[in-house]
Each structure stands twice: as C-alpha cells, then as structure tokens.
Amino acid sequence: MRESKKGAFITFEGTEGAGKTTQIERIKTFLEASGIDFITTREPGGTLLGEKIRSLLLQDEMAQMTELLLMFAARAEHIAKVILPAINSGKWVLCDRFTESSYAYQGYARGISLEAISTLESLVQGELRPDCTFWFDIPVLEGMKRVQSRGDKDRFEAENITFFEKVSAGFQTLAQERSNQFYRVDALQSKDDVTASILLHLKGLINRYAG
Ligand code: T5A
C-alpha cells in the first residue's frame, strides 16, 4: 500500500488519435478544482534530454532495438528528473503514454520479446508502476481518421493499419493481464462522455490516494 503523502501516478494509453491529450487537458481543470497538486507530462519526452530523444524517435530511421532502448533511455531520465521527484513530494503525475506503450508498440507490434521489455522495465523503473492506466480503446481506423488532417506524418503515424491492429491487440492483452491497473475508456464516445467516464473513476482514485 502506497503511503498517503505520495502522489498518484496516472498514465494514459491507446492507439493514435484516441483522444488522450484532449482528455488530459480536461482532467486538469477537475483536479485543480479538487485541490490536487499535479503535473502533466508525456513520453517519449518530459525532460530536455527526453524531448531531444523524442525528436530522434519520431523522425530518424533506426533499428527496432535502438528504438526500444531510446524509449527506455528517455524514460530513465524522465523518472529520475521529473516523475519520482513529483510523486515523492506528494504531487500526482499525469503521463501521456508510459511503458505500456513500449509493450504494445515495440513488443506486440514490432515483435521484440516481452521478456526483454520486462527486464528493461525492472532495470529502469525499479518498483515504479502506474497506479492507474486509462486505456483509450478505439477502433484503429476511427483514431486514424481523427488525425489524418494533420500535416507530415511522424515515423509511427506512417506505419500501416496491420501495425496499429497489433498495437491495439497488445493493449487489449495488457488490459486483461493487468486488470487492477487498467481502466478501459470507450474512446468512441463524445469528448464529454469520455470525460465523464474518466472523472467517475478519478473520483475513486482521489478518495483512495488523497482522501
Ligand atoms: N511510443 C511511445 C512507442 O512506440 N513506445 C513508447 O514506449 C512510447 C512512450 C508518440 C509515439 O511514440 C510511440 C507511440 C506514438 O506513436 P505522439 O505524438 O505522442 O507520439 O502520439 P499520440 O500519443 O498517439 O498522440 P495523438 O495526438 O495521435 O493521439 P491522442 O493524444 O490520443 O489524441 P488527441 O487528444 O490529440 O486527439 C486527436 C484528434 O481527435 C479529436 C481531437 O480534437 C483531435 O483533433 N478527438 C475527438 N474527436 C471526436 N470524439 C472524441 N471523443 C475525440 N477526442 C479527441
């Protein structure tokens, strides 16, 4: 059981265009009104070095193992400089993607062994795991439609539908295996209905971690 003075670690996962960033913005207003001290951040990124690594990851061609290791290099920096200091000072951390994306994209979709990812997870994170992961479940094509009007595609967005179907199936498997951690959100609903679904669960988390 986490000590009550520590902040909660909340992550948001899903395939492209599922609506994570939109909802994190909306949740901020609710948390402020609830008197919760929090930060928002994202992966890959979240630190100066991490954002540089993000640029490489989204633009430069690289081997699959390089991609995985860069994700975890950015994560190591993020955990040391941002996530743990915030949690240990009592702040909640809302993070747009985390290690579950490494399992889904580099593991289930690219085909890197899940054992290798699990080893990196233990090495880089120690005991740190999300207290709750909001999983934005959306048919891949619907998410893609939402983001297709954007300009140039990054290296991940340029992947084909088969790749994203594997990512999506990966999240589904993770959600089943980690049912205490994952909270499924029907991301096809309207923005307001998605927000309502998240807030319902978030109120329970506030009672648990900040009550
Ligand atoms: N990655 C990341 C890995 O491969 N391994 C890892 O370990 C990690 C951490 C990051 C990429 O890196 C990969 C995964 C990613 O491919 P990113 O730019 O951060 O790249 O990618 P996303 O997180 O997927 O960002 P997106 O912007 O594509 O998706 P969001 O944040 O889920 O969607 P959002 O909120 O920006 O919304 C997209 C559009 O849909 C609309 C919004 O207004 C917006 O126009 N929308 C809705 N429309 C209708 N109904 C709703 N309910 C809507 N909600 C949002």
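Numbering of residues begins at 1 and proceeds along the displayed sequence. Order of listing sets the numbers, starting from 1, for every ligand and every atom in it. Computation of the quantities below employed the complete heavy-atom set of this structure, encompassing side-chain atoms and omitting hydrogens, waters and symmetry-equivalent molecules.
Between D60 and R155, none of the side-chain N atoms (NZ, or NE/NH1/NH2) sits under 4.0 Å from a carboxylate O, so this pair counts as no salt bridge. Ionic pairing of E100 and R129 is not present here: no N-O contact between side-chain nitrogen and carboxylate oxygen is shorter than 4.0 angstrom. Using a 4.0 Å cut-off between a side-chain N of Lys or Arg and a carboxylate O of Asp or Glu, E25 and K191 do not qualify as a salt bridge.
In this pair, F136 and F12 present their aromatic rings tilted. The plane angle is within the 30 to 60° band. Aromatic ring orientation, F98 versus F9: perpendicular (interplanar angle above 60°, classes split at 30° and 60°).
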Below 3.5 Å only, please: the N or O atoms of ligand 1 paired with protein N or O atoms, distance on each line.
residue  : atom   : partner : partner atom : Å
ligand 1 : 4 (O)  : Q106    : NE2          : 2.9
ligand 1 : 5 (N)  : Q106    : OE1          : 2.9
ligand 1 : 7 (O)  : R75     : NH2          : 3.0
ligand 1 : 7 (O)  : S102    : N            : 3.2
ligand 1 : 7 (O)  : S102    : OG           : 2.6
ligand 1 : 16 (O) : E16     : OE2          : 2.3
ligand 1 : 18 (O) : R54     : NH2          : 3.2
ligand 1 : 19 (O) : R54     : NH2          : 3.2
ligand 1 : 23 (O) : K20     : NZ           : 3.0
ligand 1 : 23 (O) : R97     : NE           : 2.9
ligand 1 : 23 (O) : R97     : NH2          : 3.4
ligand 1 : 24 (O) : K20     : NZ           : 3.4
ligand 1 : 24 (O) : R97     : NH2          : 2.7
ligand 1 : 27 (O) : R150    : NH1          : 3.4
ligand 1 : 27 (O) : R150    : NH2          : 2.7
ligand 1 : 28 (O) : G17     : N            : 3.3
ligand 1 : 28 (O) : R150    : NH1          : 3.3
ligand 1 : 29 (O) : G17     : N            : 3.2
ligand 1 : 31 (O) : T21     : N            : 3.0
ligand 1 : 31 (O) : T21     : OG1          : 2.4
ligand 1 : 32 (O) : A18     : N            : 3.3
ligand 1 : 32 (O) : G19     : N            : 2.9
ligand 1 : 32 (O) : K20     : N            : 2.8
ligand 1 : 32 (O) : K20     : NZ           : 2.8
ligand 1 : 33 (O) : G19     : N            : 3.2
ligand 1 : 35 (O) : T21     : N            : 3.4
ligand 1 : 35 (O) : T22     : N            : 2.8
ligand 1 : 35 (O) : T22     : OG1          : 2.5
ligand 1 : 36 (O) : R150    : NH2          : 3.4
ligand 1 : 43 (O) : K191    : NZ           : 2.9
ligand 1 : 50 (N) : R146    : NH2          : 3.4
ligand 1 : 52 (N) : Q189    : O            : 2.9
ligand 1 : 52 (N) : K191    : N            : 3.4

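Under the ring-ring contact (aromatic ring centres under 6.0 Å, His included) criterion, F164 pairs with no residue at all, not counting sequence neighbours.
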